[in-house]
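A short write-up of the structure that comes next.
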Amino acid sequence: MTRRASFSRAGLVAAIVGAAPAYAMESDGNRFADMSLEQLSDVVVTSVSRQEERLSNTAASVFIISGGDIRRSGAQSLPEALRLAPNLQVAQVDARNWAVTARGFNTPFENKLLVLIDGRSIYSPLFSGVFWDAQDVVMEDIERIEVISGPGATIWGANAVNGVINVITRSSADTQGGQFSAAGGEHDKHASLRYGGTLANGGTYRVYGKYRQLNNTFTETGLDTNTGMHRSQAGFRADWRLHDSVVTVSGDAYQGKLGQAFALPVQISGGNLLGRVTRKLSPDANLRLQVIVDHTERDQPGAFVERLSTLDLEAQHDVRLGERNLLTWGGGFRQSWDRVANSQGLGFLPGDLNLRWSNLFVQDEYAVTPSLKLTAGAKVEHNIYTGAEYLPSLRLAWTPGLDQLVWSSVARTVRAPSRFDRDLHSPSAPMNAGGRMVHVIGGGPDFQSEVARVIELGYRAQPVATLSWSATAFYSRYDRLRTLEPQTGPAATSLLAFENRSEGTTRGIEMWGQWQATPTWRINAGLVLQRVRTTLLPGSQDASASSGLSTNDPKRNWLLRTSHDLTDDSALDLTLRYVGALPAPAVPSYYELDGQWTWSPRPNIDVALVGRNLLHRSHPEFAAYPGRSVFSRSVLLKLAMRF
């Protein structure tokens with residue numbers, strides 16, 4: 001097996017990913033940056049089936065963003081890191097807001113992609129999406145990000161319709177010692193401090209604090225959008241290995257002040273606590289228990305004030321039944337106490353609501369032959385709006401050779417109603433219209449789950465030690481998609497209400513590959529071709545487009561990334577990306593180049609020069625002219641020290 005010469009040199013690994021020979025624990029946490037392509041194919045992933053399985057044998061369209069790739073790219077936030085995944089669409093909306101999706105239906109309120117941090121769901125039940133401005137981690141502490149495009153509902157439940165993103169941080173055992181990182185530029189300034197040590201009972205820990213400031217963006221006509229932010233966060237993680245058990249406890253707390261156009265700043269705060277125990281019951285059985293407590297607050301002047309508290313319980317049991325069968329089953333319960341104080345212009349009625357989700361799932365992996373594996377699974381998830389939802393899936397994987405995998409899957413998944421679909425009213429108090437009291441927009445009391453049926457066919461291969469690639473063709477059929485329909489009749493309580501009067505399809509192919517051109521030079525490339533079509537059912541008069549709720553997707557996007565070790569103490573990484581034109585509202589296609597040059601004057605010190613949007617003076621990525629933000633060329637200087 002041929003390893004990359006310079007990528008495997010201890011000095012350069014130290015320079016790029018924060019690991020010097022004197023910091024062995026730190027180096028272990030960055031092992032991805034020191035791997036050949038053959039070793040990368042042996043990386044163990046957990047987000048596809050909630051079991052450990054080699055990436056090369058995984059029957060899913062999954063891309064791994066390694067911690068080393070993140071640090072070499074210069075990404076300063078989670079959405080920036082997600083740009084490295086060719087199977088995602090990532091568009092920046094303004095200084096702090098992003099639109100992130102897989103396989104279409106993109107919008108800042110994207111609701112068909114499940115995002116987790118260490119297995120903790122960060123989606124908001126308010127709209128089934130993610131407030132990206134409230135999510136952060138120390139970027140150097142990320143071990144990998146597992147990005148799955150395609151349905152994951154059998155394992156993760158409703159809302160894992162088009163994909164699953166799981167941000168996995170490093171064990172505290174891999175982050176011993178101290179690290180200080182600071183970066184600054186015209187648009188972005190941040191700093192973080194982290195320290196890890198050992199506990200008297202054999203465990204390890206780390207604590208951290210970080211701060212970030214983003215300056216406002218400007219529109220195409222030169223107006224200030226007032227969408228910058230100040231945000232601070234602190235947290236900890238502790239890990240123990242106790243006989244046959246692994247115990248993890250972690251927590252985070254944050255607060256921030258977020259700018260918004262034509263209104264007072266948004267105030268956010270929150271905290272979470274996670275506890276997880278994985279115990280080996282026997283050589284053929286494992287038990288995993290997890291509990292999460294989460295609290296978030298969002299005061300958005302002119303809209304609402306939300307205080308959301310959540311308790312999440314999960315249990316999973318894996319047992320091997322003979323040589324051919326691996327059975328995984330479990331369940332979970334999630335309770336949220338949502339308290340919303342409404343404004344005059346916008347309201348969620350009722351303001352206070354208790355939300356509950358419960359689920360049971362089972363999945364059986366059966367080896368039909370040594371080279372043919374069948375995986376069947378089903379999940380039943382219950383929510384307060386639509387009751388029980390049934391989420392089955394079937395996967396078939398065939399390994400015709402040691403370095404090849406052919407796989408296929410079929411699945412049914414749903415996007416369950418959120419408070420936005422059922423409880424949103426604008427204005428919050430009814431108004432007089434033609435002699436009756438109505439809201440302009442009202443939640444749909446009969447709004448049902450959106451349904452997707454998905455077929456996939458994939459191929460993964462590594463024909464030689466220096467080249468690997470993957471391709472997946474997909475077709476998805478969507479029923480009961482959300483529309484905003486006029487309401488008539490004396491019993492109507494709103495002029496417009498959400499209904500399920502649209503259907504659609506997506507079809508396409510996503511592919512990517514890696515080539516070790518020389519021992520010190522690696523090239524990554526990815527391409528997505530897709531067609532997203534939606535049609536209205538007879539009689540629909542959908543007003544979503546005028547409300548800004550419609551989705552907007554390119555027909556193609558691609559990226560080309562080069563990682564080159566120039567010397568033993570310097571490296572250059574460049575990412576060229578292309579995004580096709582968006583149809584409605586129209587956004588031109590664009591090319592852009594991001595890069596980072598890294599120099600290590602000493603084994604424990606890294607200096608990096610990060611460039612963003614280097615090809616053009618400015619370009620837009622999302623939303624309508626003339627109010628949309630444009631993103632200009634920028635340079636960031638970063639310093640990292642380990643002690």
Side-chain angles (χ1 to χ4, degrees), residues 77 79-80 83 89-101 104-111 124 126-127 129-134 186-188 213-231 256-268 298-304 343-346 420 424 426-427 440-441 482 484 496 532 542-554 557 579-592 612-613 615-634:
S77 66
E80 288 181 65
R83 285 196 193 271
Q89 298 163 232
V90 181
Q92 190 168 3
V93 179
D94 53 39
R96 62 178 176 83
N97 288 305
W98 296 76
V100 182
T101 192
F105 294 92
N106 206 13
T107 166
F109 303 100
E110 203 284 333
N111 56 23
S124 168
L126 206 62
F127 68 106
V130 174
F131 286 115
W132 289 105
D133 52 26
E186 181 181 359
H187 304 291
D188 188 357
Q213 174 186 330
L214 292 176
N215 291 343
N216 300 338
T217 54
F218 291 85
T219 69
E220 288 181 275
T221 56
L223 297 178
D224 191 328
T225 64
N226 193 36
T227 55
M229 74 173 187
H230 299 263
R231 191 179 185 283
K257 182 178 181 180
L258 320 176
Q260 61 173 339
F262 312 115
L264 295 173
V266 179
Q267 303 285 344
I268 61 170
R298 191 177 189 92
D299 182 351
Q300 191 148 336
F304 60 87
S343 67
Q344 291 184 352
L346 182 72
F420 190 91
L424 176 71
S426 179
V440 175
I441 297 177
R482 182 175 64 195
L484 186 60
L496 297 166
V532 181
D542 181 34
S544 292
S546 61
S547 67
L549 297 176
S550 59
T551 60
N552 208 7
D553 306 297
N557 56 273
V579 178
L582 305 184
V587 180
S589 63
Y590 70 91
Y591 299 84
E592 270 304 350
R612 290 284 178 264
N613 304 315
L615 295 184
H616 302 96
R617 184 176 179 180
S618 65
H619 72 275
E621 297 189 9
F622 213 80
Y625 178 88
R628 65 191 176 205
S629 291
V630 292
F631 306 98
S632 58
R633 184 182 296 118
S634 64

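Note: hydrogens, waters and symmetry copies are ignored here, and every other heavy atom, side chains too, is used. If you read the sequence from its start, that first residue is 1, and numbering goes on from there.
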Of all residues at least two apart in sequence or in a different chain, which pass the ring pair (Phe, Tyr, Trp, His ring centres under 6.0 Å) check with Tyr590? His619
Hits for side-chain contact (heavy atoms from CB on, under 4.5 Å) against Val587, two or more places apart or cross-chain, chain-then-number order -> Leu582, Pro620, Arg628
Any residue meeting side-chain contact (heavy atoms from CB on, under 4.5 Å) with Pro79, in chain and number order, not counting sequence neighbours: Ser77, Trp98, Trp132
According to side-chain hydrogen bond (donor to acceptor under 3.5 Å, both in side chains), who are the partners of Gln213, at least two apart in sequence or on a separate chain? Asn215
Nearest heavy-atom neighbours spanning Ser634 and His187: CB-CD2, 3.4 Å
Under the salt bridge (charged side-chain N to carboxylate O under 4.0 Å, His left out) test, residues paired with Glu592 that sit two or more places apart: none
For Ala303, give me all partners under side-chain contact (heavy atoms from CB on, under 4.5 Å), at least two apart in sequence or on another chain. Gln300, Leu346
Those residues that, when tested against Asp188, pass salt bridge (charged side-chain N to carboxylate O under 4.0 Å, His left out) (two or more places apart): Arg212
Sequence-distant partners of Asp94, side-chain hydrogen bond (donor to acceptor under 3.5 Å, both in side chains), two or more places apart: Asn97
Sequence neighbours excluded, which residues qualify as side-chain contact (heavy atoms from CB on, under 4.5 Å) partners of Pro583? Asn552
Output all residues satisfying side-chain hydrogen bond (donor to acceptor under 3.5 Å, both in side chains) with Ser426, sequence neighbours left out; order by chain, then residue number. none
Test ring pair (Phe, Tyr, Trp, His ring centres under 6.0 Å) applied to Tyr591 - qualifying residues, sequence neighbours left out: Trp558, Tyr578
Kindly assign one of parallel, tilted or perpendicular to the pair Phe420 and Phe109, based on the angle between their ring planes and the thresholds 30° and 60°. parallel
For Glu186, what residues pass the salt bridge (charged side-chain N to carboxylate O under 4.0 Å, His left out) criterion, not counting sequence neighbours? none
